[in-house]
Asker: 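Here it is, the structure in full.
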Amino acid sequence: MAVHTDSHVETPEIHSTPNFLRDMIAEDVRLKRYGNAVVQTRFPPEPNGYLHIGHAKAICLDFGLADEFGGKTNLRFDDTNPEKEEQEYVDSIQNDVRWLGFDWERLCYASDYFGQLYEWAIQLLRAGKAYVDDLSADEIRQHRGTLTEPGRDSPYRNRAVEENLDLFTRMKAGEFPDGSRVLRAKIDMASPNINMRDPIMYRILHAEHHRTGNEWCIYPMYDYAHGQSDSIENVTHSMCTLEFADHRPLYRWFIEQLGIFPSQQIEFDRLNLTYTLLSKRKLLQLVQEGRVNGWDDPRMPTLSGFRRRGFTPEGIRSFVTSLGATRTNGIIDFEMLEHLQRDDLNKRATRGMAVLRPLKLVIDNFPEGQTEYVEVANNPEDPAAGTRQVPFSRELYIEREDFREVPPPKYYRLSPGKEVRLRNAYFVTAHSLVKDAVGSVVEVHCTYDPASRGGNSPDGRKVKSTMHWVSAAHTISAEVRLYDKLFSNPNPLHVPEGGSFLDNLNPNSLEVVSHAKLELSLAEAKVGAPYQFERVGYFCLDPDSTAEKLVFNRTLALKDTWARIEKKAGA
RNA sequence: UGGGCGAUCGACUAAUGGUAGGUCAAGUGCCUUUGGAGCACUUUGUCCAGGUUCGAAUCCUGGUCGCCCAGCCA
């Protein structure tokens, strides 16, 4: 998919909230805790799904903080579980990180270190710090104890070093079936921290790995692989989310036992958003069950979904940076993200006029068959974007909701006898209607004031409303997809007894308008570029578009004051 | 109820012993050729109880509440 290429709009300086991570790194640099070594970070996704907005926070922190201190960041795939990982995810992740605006120092894989990790395991075995356990998964669970009771030693815990070495070598050689044995660290079965109760280092998995193929049939666990991978890459600050805090003692234990580069793990709070699910497992379920049209469905909180929806990387970055990082777990109002997006889109979106639900407006005193051109700004927020000529004629389309036969209080738009402005064109006053057999309005007739060309009357007359329009003879038709929140509950996981988060799916999250009437200039729209349909919202061209049929996605609606007034009046 | 972590407007986040500030949301007004944008103003907050101090959101003690951990997932 194309990315934004027109960058005549300067990326604004993002003033990020101060945060404790930056303070800690600054302190380490000041004290030369790592000598003169550069600040080195890493972004370590597991390639088992697409990146989502929660990852964007980690990416901005990992890359952003390192950059602030003149450091470097590696992209490292944490690919230690071949059963869930795929090349498709590896590719999409790289694409998404780049789209967000970051480039890595080195592209790494935990699987690059399988050989080194294996040697270190032998070293630990020789030192009597690890052992091969023949217990079944079930038995290991039983021996682990509970949150309140200590665990019990495995009967295999005190095997001789030579026997351990022999068994582990044979595990690697493929002599044993999956699940028959594991390699465990010998730490403390009575530790109050369950992660320290002889954690599993290696399990037997006769599975094909997306990179190492069938070279290995034993694979390291996260805890045994992550810290050492950091260490190998001289990572100074290994940032991860809060739920790994309990793993930190183990992270340090392996590094200390091995006497290798002392990377340090620092935890920060995970991003949570209202109306949004950020669990890869559940997002995968939505994709697999066809609840959405793939990982890049514009309703998905994935980076590819937001991209297709028309969100900008700049907007996502400024959202994430405005959040900072703390150790408190909270939930951000989705409106915050929307606000930062609108803020960015408003500055850069090319304007156009589009009528989603057309109602014909006939100007009785405008010459038949005549076409005039009015000059229109491409972006009122950015004079450098220039102007264009838009055709205007006797028959136009206006938005159905911009006309009311009987206007409610505070309704400023068109109604019989009322004068309004047609954006960039003329003042018009409605006079009569044409209705169909069932009584709905199919045509509004009006007269225009030729003196008001351009949108101002020489006599200083004011109108309360300005409306968008397209000339009936000069439009292109397009499908427009109107997206709304995927879930209707602020907390998608909040369901009554026995319910599922699927019950919270918003049945109206996608509404398709098949025949919107767009201004001619929109025929030139490019995938990846932001547009504003004036008074309606921000839109982007969907890659589903063909030469015969254009498809636009609504990124975000414009704030709608009238809708609010009407809702309040009705409530 | 073992261990770890945390608690500041409705939401997020600053204030690092010295005026509780900013953003979103909500509300009011101004302005406007997008009822958009912009501008101004307003409402609402230091979990509780003690203590130290001239002075406490910050330090101490004790509570309360919330999140995470018992995968051969990461």
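Reminder, nothing fancy here: chain letters follow the sequence lines and each chain counts from 1. The basis for the numbers below is simple: all heavy atoms, side chains too, and nothing from hydrogens, waters or symmetry mates.
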Asker: Does R327(A) make a side-chain N or O approach to OP1 or OP2 of G4(B) shorter than 4.0 Å?
Answerer: no
Asker: Answer yes or no for R327(A) and F268(A): cation-pi contact, defined as NZ/CZ to six-membered ring centre under 6.0 Å and angle to ring axis within 45°.
Answerer: no
Asker: Quick one: which of G3(B), G2(B), A74(B) gets closest to the side chain of L147(A)?
Answerer: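 Per side-chain heavy atoms of L147(A), the pick is G2(B).
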Asker: A70(B) C1' sits how many Å from N195(A) CG, rounded?
Answerer: 9 Å
Asker: With a 6.0 Å cut-off on the ring centroids, do Y219(A) and Y202(A) count as close?
Answerer: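 No, too far apart.
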Asker: Should we count CZ of R453(A) as having more than 12 external heavy atoms under 6.0 Å?
Answerer: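 Count over threshold, so yes.
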Asker: Mind checking the P distance from U1(B) to C60(B)? Whole angstroms is fine.
Answerer: 22 Å
Asker: Any cation-pi pair here, R421(A) with F427(A), using under 6.0 Å and within 45°?
Answerer: no
Asker: Would you measure the distance from the C1' atom in U19(B) across to the matching atom in U52(B) and give it in whole Å?
Answerer: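 Straight-line distance between the two C1' atoms is 23 Å.
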Asker: Rounding to the closest angstrom, what is the interatomic distance between G22(B) and C9(B) at atom P?
Answerer: 16 Å
Asker: Rounding to an integer number of Å, can you tell me how far N329(A) CG sits from A11(B) P?
Answerer: 13 Å
Asker: Starting at atom CG of L250(A), determine the distance to atom C1' of G71(B), rounded to an integer number of angstrom.
Answerer: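 The answer, rounded to whole Å, is 14 Å.
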Asker: Nearest to the side chain of I194(A) - C69(B), C12(B), C73(B)?
Answerer: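 Within the option list, the nearest is C69(B).
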Asker: Expressed in whole Å, how much space separates the C1' atoms belonging to U8(B) and G45(B)?
Answerer: 6 Å
Asker: Take nucleotides 35-46 of chain B nucleotide by nucleotide from the 5' end and write B, S or -, depending on whether a protein heavy atom sits under 4.0 Å from the base, only from the sugar-phosphate, or from neither.
Answerer: BBS---------
Asker: How many whole angstroms separate atom NZ of K568(A) from atom C1' of G27(B)?
Answerer: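 Taking NZ of K568(A) and C1' of G27(B), I get 8 Å after rounding.
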Asker: May I have the distance from Q142(A) (atom CD) to G71(B) (atom P), rounded to whole angstrom?
Answerer: 11 Å
Asker: With a 4.0 Å cut-off on heavy atoms, is S191(A) in touch with a base, just the backbone sugar-phosphate, or nothing at all?
Answerer: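 Nothing, no nucleic acid heavy atom in range.
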Asker: Any idea which of A11(B), C72(B), G6(B) is nearest the I331(A) side chain?
Answerer: A11(B)
Asker: Looking for any heavy atom pair under 4.0 Å, which part of the strands does N424(A) touch: base, sugar-phosphate only, or nothing?
Answerer: base
Asker: Given atom CG of N491(A) and atom P of C67(B), what is their separation to the nearest angstrom?
Answerer: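 Result: 11 Å.
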Asker: Less than 3.5 Å apart, any donor N or O on the side chain of R197(A) or S191(A) sitting next to an acceptor on the other?
Answerer: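 Per modelled atom types, R197(A) and S191(A) side chains form no pair under 3.5 Å.
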Asker: Once you apply the 3.5 Å cut-off to both distances, tell me the Watson-Crick or G-U wobble partner of G2(B), or none.
Answerer: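 Per the H-bond distance test, C69(B).
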Asker: Within the structure, does a side-chain N or O atom of R197(A) lie under 4.0 Å from either OP1 or OP2 of G71(B)?
Answerer: no
Asker: By nearest nucleotide on RNA chain B, pick out whichever of D23(A) and L242(A) is the more 5' one.
Answerer: L242(A)
Asker: Which part of the nucleic acid, if any, lies within reach of H468(A) when heavy atoms closer than 4.0 Å are counted: base, sugar-phosphate only, or nothing?
Answerer: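 The residue H468(A) makes no contact with any strand.
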Asker: Return yes if a side-chain donor-acceptor contact under 3.5 Å exists between R351(A) and Y531(A), otherwise no.
Answerer: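 R351(A) vs Y531(A): no donor-acceptor pair found between side chains.
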Asker: Could you check which of C12(B), C73(B), C24(B) has an atom nearest any side-chain atom of K84(A)?
Answerer: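 That would be C73(B).
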Asker: Without hydrogens or angle criteria, can the side chains of Q265(A) and S238(A) be said to hold a donor-acceptor pair below 3.5 Å?
Answerer: no
Asker: I want to check one thing: is the phosphate of C72(B), taken as OP1 and OP2, less than 4.0 Å away from some side-chain N or O of R144(A)?
Answerer: yes
Asker: Using whole Å, report how far CG of L205(A) lies from P of G71(B).
Answerer: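 These atoms are roughly 17 Å apart.
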Asker: Taking the P atom of each, how far is U23(B) from U43(B), in whole Å?
Answerer: 15 Å
Asker: Stepwise, does the side chain to side chain contact (heavy atoms under 4.5 Å, CB included) test hold for K464(A) with V420(A)?
Answerer: CA-CA 7 Å; K464(A) 289 283 256 184; V420(A) 300; over 6 Å; no
Asker: What interatomic distance, in whole Å, is found between C1' of G55(B) and the corresponding atom of A37(B)?
Answerer: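 Per the computed distance, 45 Å lies between those C1' atoms.
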Asker: Find the partner of A26(B): check Watson-Crick (N1-N3 plus N6-O4 or O6-N4) and G-U wobble (N1-O2, O6-N3) distances, both under 3.5 Å, and reply none if neither fits.
Answerer: U42(B)
Asker: Could you check E243(A) against T148(A) and say which one's nearest nucleotide on RNA chain B is further toward the 5' end?
Answerer: T148(A)
Asker: Please determine, for G35(B), whether a Watson-Crick or G-U wobble partner exists with both distances under 3.5 Å, and give it or none.
Answerer: none
Asker: Across all strands shown, which nucleotide pairs with A57(B) by Watson-Crick or G-U wobble geometry, both distances under 3.5 Å?
Answerer: none
Asker: Determine, stepwise, if the pair R404(A) / E566(A) fulfils salt bridge (charged side-chain N to carboxylate O under 4.0 Å, His left out).
Answerer: CA-CA 13 Å; R404(A) 288 287 184 89; E566(A) 197 176 32; 2.7 Å; yes
Asker: For L135(A), answer base if it contacts any base atom (sugar-phosphate contacts may also be present), sugar-phosphate if it contacts only those atoms, and nothing otherwise; contact means non-hydrogen atoms under 4.0 Å.
Answerer: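 Base: the residue L135(A), judged by heavy atoms under 4.0 Å, touches a nucleobase.
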Asker: Please report the distance separating the C1' of C65(B) from the corresponding atom of C24(B), rounded so that it comes out in whole Å.
Answerer: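 26 Å, rounded to whole Å.
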Asker: Rounding to a whole Å, what distance do you find between K57(A):NZ and U13(B):P?
Answerer: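 The answer, rounded to whole Å, is 7 Å.
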Asker: Which value, rounded to the nearest 0.5 Å, describes the distance between D198(A) atom CG and D133(A) atom CG?
Answerer: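 Atom-to-atom, D198(A):CG and D133(A):CG are 8.5 Å apart.
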Asker: Give one of base, sugar-phosphate or nothing for Y202(A), where a contact means two heavy atoms less than 4.0 Å apart.
Answerer: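 Nothing: the residue Y202(A), judged by heavy atoms under 4.0 Å, touches no strand.
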Asker: Mind checking E335(A) for me? I need base, sugar-phosphate or nothing, with any heavy atom below 4.0 Å counting as a touch.
Answerer: sugar-phosphate
Asker: If you only use heavy atoms from C-beta on, which nucleotide in G27(B), C24(B), C72(B) is closest to the side chain of I140(A)?
Answerer: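 Of all the options, the side chain of I140(A) is nearest to C72(B).
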Asker: Looking at U64(B), which nucleotide sits across from it as a Watson-Crick or G-U wobble partner, both distances under 3.5 angstrom, or is there none?
Answerer: A7(B)
Asker: Report the relative orientation of the aromatic rings in Y448(A) and Y426(A); use parallel for angles under 30°, tilted for 30 to 60°, perpendicular for over 60°.
Answerer: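 Perpendicular: the ring planes of Y448(A) and Y426(A) meet at over 60°.
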Asker: Does T328(A) put a side-chain nitrogen or oxygen below 4.0 Å from OP1 or OP2 of C5(B)?
Answerer: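 Negative; the distance criterion is not met.
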Asker: Looking for any heavy atom pair under 4.0 Å, which part of the strands does G179(A) touch: base, sugar-phosphate only, or nothing?
Answerer: base
Asker: For U46(B) and C39(B), measure between their C1' atoms and round to the nearest Å.
Answerer: 31 Å
Asker: Look at the side chain of D246(A) and the base of G3(B), then say whether one donor and one acceptor between them are separated by less than 3.5 Å.
Answerer: yes
Asker: Using the glycosidic torsion, which applies to G29(B): syn (within 90° of 0) or anti (everything else)?
Answerer: anti
Asker: Closest to the D333(A) side chain: C67(B), C24(B), G3(B)?
Answerer: C24(B)
Asker: Would you please confirm or rule out a distance under 4.0 Å between OP1 or OP2 of A70(B) and any side-chain N or O of R141(A)?
Answerer: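 Answer no for this pair, as no side-chain N or O of R141(A) is under 4.0 Å from OP1 or OP2.
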